[in-house]
Structure formats: C-alpha cells, structure tokens
There are 2 protein chains.
Amino acid sequence: MKTQAALAESKPYHHGDLRRALLRAAVAILEREGPSALSLRAVAREAGVSPAAPYHHFKDKSELLNAVALEGFERLKTVLVEAFASARKDEMRSALGVAYVEFSQANPALYRVMWDCARNGEKLPESSHDKHSAFELVKDTLREAAGGQISELDLELTAIASWCAAHGLAEISTFAQFKPLKEAVGGDRAFLKAVLNHLGGVHRTAS
Amino acid sequence: MKTQAALAESKPYHHGDLRRALLRAAVAILEREGPSALSLRAVAREAGVSPAAPYHHFKDKSELLNAVALEGFERLKTVLVEAFASARKDEMRSALGVAYVEFSQANPALYRVMWDCARNGEKLPESSHDKHSAFELVKDTLREAAGGQISELDLELTAIASWCAAHGLAEISTFAQFKPLKEAVGGDRAFLKAVLNHLGGVHRTAS
DNA sequence: GGCGGTATCTAAGCAATGTCCAGATCGGAT
DNA sequence: ATCCGATCTGGACATTGCTTAGATACCGCC
C-alpha cells in the first residue's frame with residue numbers, strides 16, 4: 001500500500017496516474033512552445049516515460065489531442081459562465097462574445113488544438129454536445145434577451161450566427177494588419193466590441 | 001533549342017518549369033488526399049523529382065504552402081468578383097457571404113491551408129493586402145449599400161465583421177451536428193442565408 | 001564553336017516523429 | 001502464493017523536413 005507515497009515521490013513503479021499526467025504535460029508544452037512542438041514523444045518526455053507509454057492510454061496521437069481539446073472546451077465554458085454571471089443583462093451578448101475571443105487570445109495554442117479537433121472529427125467533443133454546453137448557455141442568454149418572443153428555430157440560428165462571429169473574430173483579430181485600427185479605436189477590447197456591434201450590417205451605430 | 005519539345009515530352013533535361021509544376025502537384029494532392037497527406041516529399045514525388053529538388057524553388061515547406069495559399073486567395077477573389085457581378089444589389093452582402101462559404105466548402109483542404117498560412121504569418125499573403133483585394137471588394141459593396149452615409153471607420157469595422165461571420169460560418173457549417181437543422185431549413189444554401197440573416201441578433205426576422 | 005559559370009537537380013544521409021512489437025514489471029484477484 | 005492482465009520499456013521501422021556534396025545541362029562570353 002505505498003500508492004500514496006509513490007504518487008508524492010519521484011518514480012512510482014508504474015507511475016500511478018499517467019493519462020492525467022500526459023494531459024497536463026501536453027497542455028504545458030502547448031503553452032510553453034506552441035502547437036508545432038506538441039509531439040507525442042515530447043509529451044512522453046515531459047511526463048518522464050518512454051515514447052510508447054502513451055499508447056496504453058490513447059489509441060492515437062489524435063486521441064490525445066482530442067482529450068486536450070475537451071479540456072479546453074471545458075475551460076472555455078467556465079469562462080463563459082463567469083462572463084454570463086457578471087455582465088449586465090442588456091449587453092450580455094457582447095460580453096459573451098468578448099469573453100470568447102479573449103479566451104482564445106489568452107490560450108491561442110489551446111484554442112487552435114480545440115478547433116482542429118472539432119474540424120477533424122466532424123463534430124465537437126462531447127462536452128459541447130450535452131445539455132450543459134456553452135452553446136446552450138448562449139441560447140439561454142439569447143432567449144432571455146428576446147423575452148420569449150422568439151421561435152426555437154430563430155434561437156438556434158441566432159446562436160449559430162453568434163458562434164460564427166465569435167470564432168471568426170477570434171481568428172481574424174490576431175492578424176497584424178489590424179493593429180493600427182485597434183489602436184485608433186481604443187485598444188483590444190474596444191476593437192472587439194466595435195466589430196461585434198457591426199455584425200448587423202451598415203445600419204447600426206456605435207453604442 | 002529543344003525547349004518546346006522537351007516541355008511537351010516526358011523527361012525534360014532539367015524539367016522546364018518546376019515551381020509551377022510543384023504548385024500544381026500540391027493542389028492536386030490537397031484535393032485528392034487532404035491536408036495531412038501534403039508533405040514536401042509527396043509533392044516532389046507527384047512532380048517526378050527528387051525530394052530535395054523543391055528546395056531550389058522554395059526556402060521551406062512553409063514557403064511552398066504560402067504559395068499554395070496565395071493561389072487559393074486568388075481563386076477566392078475570383079469567386080467573389082463573380083458573385084459581385086451577378087447578384088442583386090439589395091442582397092449583395094448575403095450573396096457575397098454565401099459565395100465565400102461555398103468556396104470554402106468546395107475547396108475544404110485548400111481553404112484550410114490558406115487559413116493556416118494566414119495565421120502563422122500573422123498577416124495574409126500579399127494578394128489580400130493590395131488595393132485589388134477581396135477585402136476591398138467587400139468594402140466597396142458595403143459602401144454602396146450605405147449610399148455614402150457611412151464613415152470610413154464604420155466601413156472598415158463592418159467589413160471585418162462580415163469577414164468574421166463568413167469565416168466562422170465556413171468552419172462551423174461543416175459540423176455534422178447541424179445536419180438536421182440544415183434539412184429542416186431547406187438545404188445547405190438556405191441554411192447559410194438563414195444564419196447570415198441572424199447576425200444582427202434576435203430582432204431581425206427572415207426576409 | 002568551345003568554355004567556364006551558374007542554376008537546377010540527384011544521391012545520400014541526419015535527426016525527429018508516429019507507431020508497432022517483444023518482453024519486463026508490477027498490482028490485484030483467486 | 002500464484003497467476004493474470006494492465007502498464008511500462010527498449011528497440012525497431014517507415015516517413016518526414018532538411019542539409020550537404022556532387023552531377024547535369026543551360027547560359028553568356030570569347
């Protein structure tokens with residue numbers, strides 16, 4: 001019964017809880033060296049095991065990446081829930097959008113892995129599929145904003161549109177060519193809000 | 001002076017015009033086998049040269065990809081110009097958006113390479129930067145739609161917002177989870193238009 | 001027309017990667 | 001105590017990006 005001691009010390013017999021250690025290592029590499037450095041062997045190295053060890057916990061490299069992406073989606077959901085809790089009701093949509101984009105800017109490498117997995121699998125990891133997903137959160141927000149005066153279809157479409165805008169902004173706002181514009185408009189967050197306010201077309205003026 | 005004959009025949013002395021052949025080969029592989037199969041060596045193989053040959057025309061693998069991406073952006077611009085020329089004025093914005101997304105769906109692998117390059121380089125390939133870019137086309141469209149009643153700042157912001165929406169939709173609309181919704185709404189194109197029409201928020205109703 | 005220079009291409013090789021396999025090691029159920 | 005199955009290692013293989021040394025064939029120049 002030396003499991004506890006082994007976990008706390010240096011070299012457990014069989015390692016105790018690799019899988020989780022691998023995920024932690026992967027995220028660490030991602031944040032430290034970017035997505036291109038995220039090789040299976042590097043993850044194993046970081047976790048202090050042989051290059052073949054991960055294959056007992058993940059079928060594939062892509063399965064490891066999927067697990068990392070899942071973790072990312074959960075973090076994103078946490079961020080959105082916080083934004084949801086602390087924003088004024090009348091600017092909830094903008095607040096969620098800004099929170100989404102700022103998450104992607106704070107974790108660029110992770111966001112990239114998340115999205116790559118989402119594309120490759122043709123569907124998002126489970127967390128974005130269930131009843132407590134961030135997507136449902138957005139729908140609830142929009143439903144409330146409309147005061148019930150909206151069909152489920154329009155709700156779904158509006159939520160998708162919001163997601164499109166947020167994701168597009170997350171990727172486009174990193175382009176260097178918009179740096180002068182950002183400054184002219186008063187900083188990063190002001191830029192995000194401004195773009196989000198122009199989604200409707202040419203009519204809407206700044207709030 | 002056997003250049004012409006050599007170009008038409010099987011094995012030119014030095015190959016005639018590699019670089020272009022490499023680009024063609026890259027696009028071919030991309031469309032046939034997807035982005036993960038696009039290795040430098042595979043491109044060289046497809047073009048019938050040694051694995052080291054491409055290095056006399058491209059400094060890097062990434063430089064090859066950049067050239068491919070540039071070609072993609074040019075094709076995209078062509079598509080947008082066509083849509084611009086053949087759409088009704090009052091639904092120009094939606095038409096451009098649909099054309100954008102349909103291009104990305106018709107060339108998924110190419111679109112992915114284009115966007116990867118755009119992200120890695122922090123700025124888009126040149127073609128999207130000059131005065132004849134697709135981005136300027138969108139701005140012109142929006143300027144016309146507003147009848148001159150819009151500031152340059154609002155114009156720029158609206159163009160960016162449109163781009164965000166189009167890109168987001170391009171990536172999100174491929175998710176399998178929206179398939180039932182697509183059918184419920186009347187097919188792919190109807191789905192695209194519907195989402196684009198909901199960009200403004202919960203107010204707008206379908207046209 | 002011959003000559004050297006230069007751009008282009010090949011051959012061979014290096015380190016790194018994803019993946020598999022044979023065996024070693026260890027925990028836990030019987 | 002013993003065996004089983006899960007976990008980990010060491011070694012190997014094919015493939016990849018990239019480099020270097022040397023071959024090949026076009027070019028301008030005399």
Side-chain angles (χ1 to χ4, degrees), chain A residues 1-26 29-30 32-69 113 116-117 120, chain B residues 1-26 29-30 32-69 113 116-117 120:
Chain A
M1 192 53 164
K2 53 179 178 172
T3 310
Q4 286 198 10
L7 275 175
E9 281 168 17
S10 53
K11 286 264 181 169
Y13 14 64
H14 259 160
H15 186 271
D17 188 6
L18 202 59
R19 197 188 154 97
R20 198 165 352 238
L22 289 171
L23 284 182
R24 243 198 307 269
I29 291 174
L30 219 43
R32 177 159 25 94
E33 308 173 59
S36 63
L38 189 65
S39 65
L40 241 197
R41 295 177 104 106
V43 172
R45 234 175 287 142
E46 175 96 3
V49 294
S50 86
Y55 284 91
H56 293 268
H57 301 268
F58 302 98
K59 176 182 148 291
D60 241 357
K61 179 184 182 182
S62 75
E63 206 170 282
L64 196 239
L65 289 223
N66 267 321
V68 171
V113 170
D116 283 350
C117 289
N120 289 338
Chain B
M1 192 53 164
K2 52 177 176 171
T3 308
Q4 285 199 9
L7 276 175
E9 280 168 16
S10 54
K11 287 266 184 172
Y13 14 65
H14 259 154
H15 183 271
D17 189 4
L18 203 64
R19 193 188 160 98
R20 196 161 359 232
L22 289 171
L23 286 183
R24 245 197 307 267
I29 291 175
L30 218 42
R32 174 156 29 91
E33 308 173 58
S36 64
L38 189 65
S39 66
L40 243 194
R41 296 176 103 107
V43 173
R45 235 174 287 143
E46 175 96 6
V49 293
S50 87
Y55 285 92
H56 292 269
H57 300 268
F58 302 97
K59 173 182 151 292
D60 241 356
K61 180 185 182 182
S62 75
E63 205 169 284
L64 195 239
L65 289 225
N66 266 322
V68 172
V113 170
D116 282 351
C117 288
N120 290 338

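A, B, ... follow the sequence lines: proteins, then strands. Residue 1 opens every chain. Excluded from the calculations below are hydrogen atoms, water molecules and symmetry mates; all remaining heavy atoms, backbone and side chain alike, are included.
Nucleotide D/dT7 holds its C1' atom 17 Å from the CZ atom of A/Arg20, rounded to whole Å. If you take OH of A/Tyr55 and C1' of D/dG10, they are 15 Å apart, rounded to a whole angstrom. As a whole-Å value, the separation of A/Glu33 CD from C/dT17 P is 10 Å. What separates CG of A/Leu64 from P of C/dT19 is a distance of 10 Å, to the nearest Å.
Distance from the side chain of A/Ala52 is smallest for D/dG11 among the nucleotides C/dT17, D/dG11, D/dT7. Which of D/dC18, D/dG17, C/dC9 sits closest to the side chain of B/Asp60 comes down to D/dC18. Closest contact between the side chain of A/His56 and the listed nucleotides D/dT7, D/dG17, C/dC9 involves D/dT7. The side chain of A/His57 approaches D/dT7 more closely than any other nucleotide in the set D/dG17, D/dT19, D/dT7.
Remark: A/Glu63 pairs with no residue by the salt bridge (Lys or Arg N to Asp or Glu O under 4.0 Å) rule, at least two apart or across chains.
Checking B/Leu40 against A/Arg41, the closest nucleotide of DNA chain D that is more toward the 5' end is the one next to A/Arg41.
Residue B/Arg45 places at least one side-chain N or O under 4.0 Å from the OP1 or OP2 atom of D/dT16. Contact annotation: A/Ser50 side-chain N/O to D/dG10 OP1/OP2 distance is not under 4.0 Å.
With hydrogens and angles ignored, no donor-acceptor pair under 3.5 angstrom links the side chain of B/Arg19 to the base of C/dT8.
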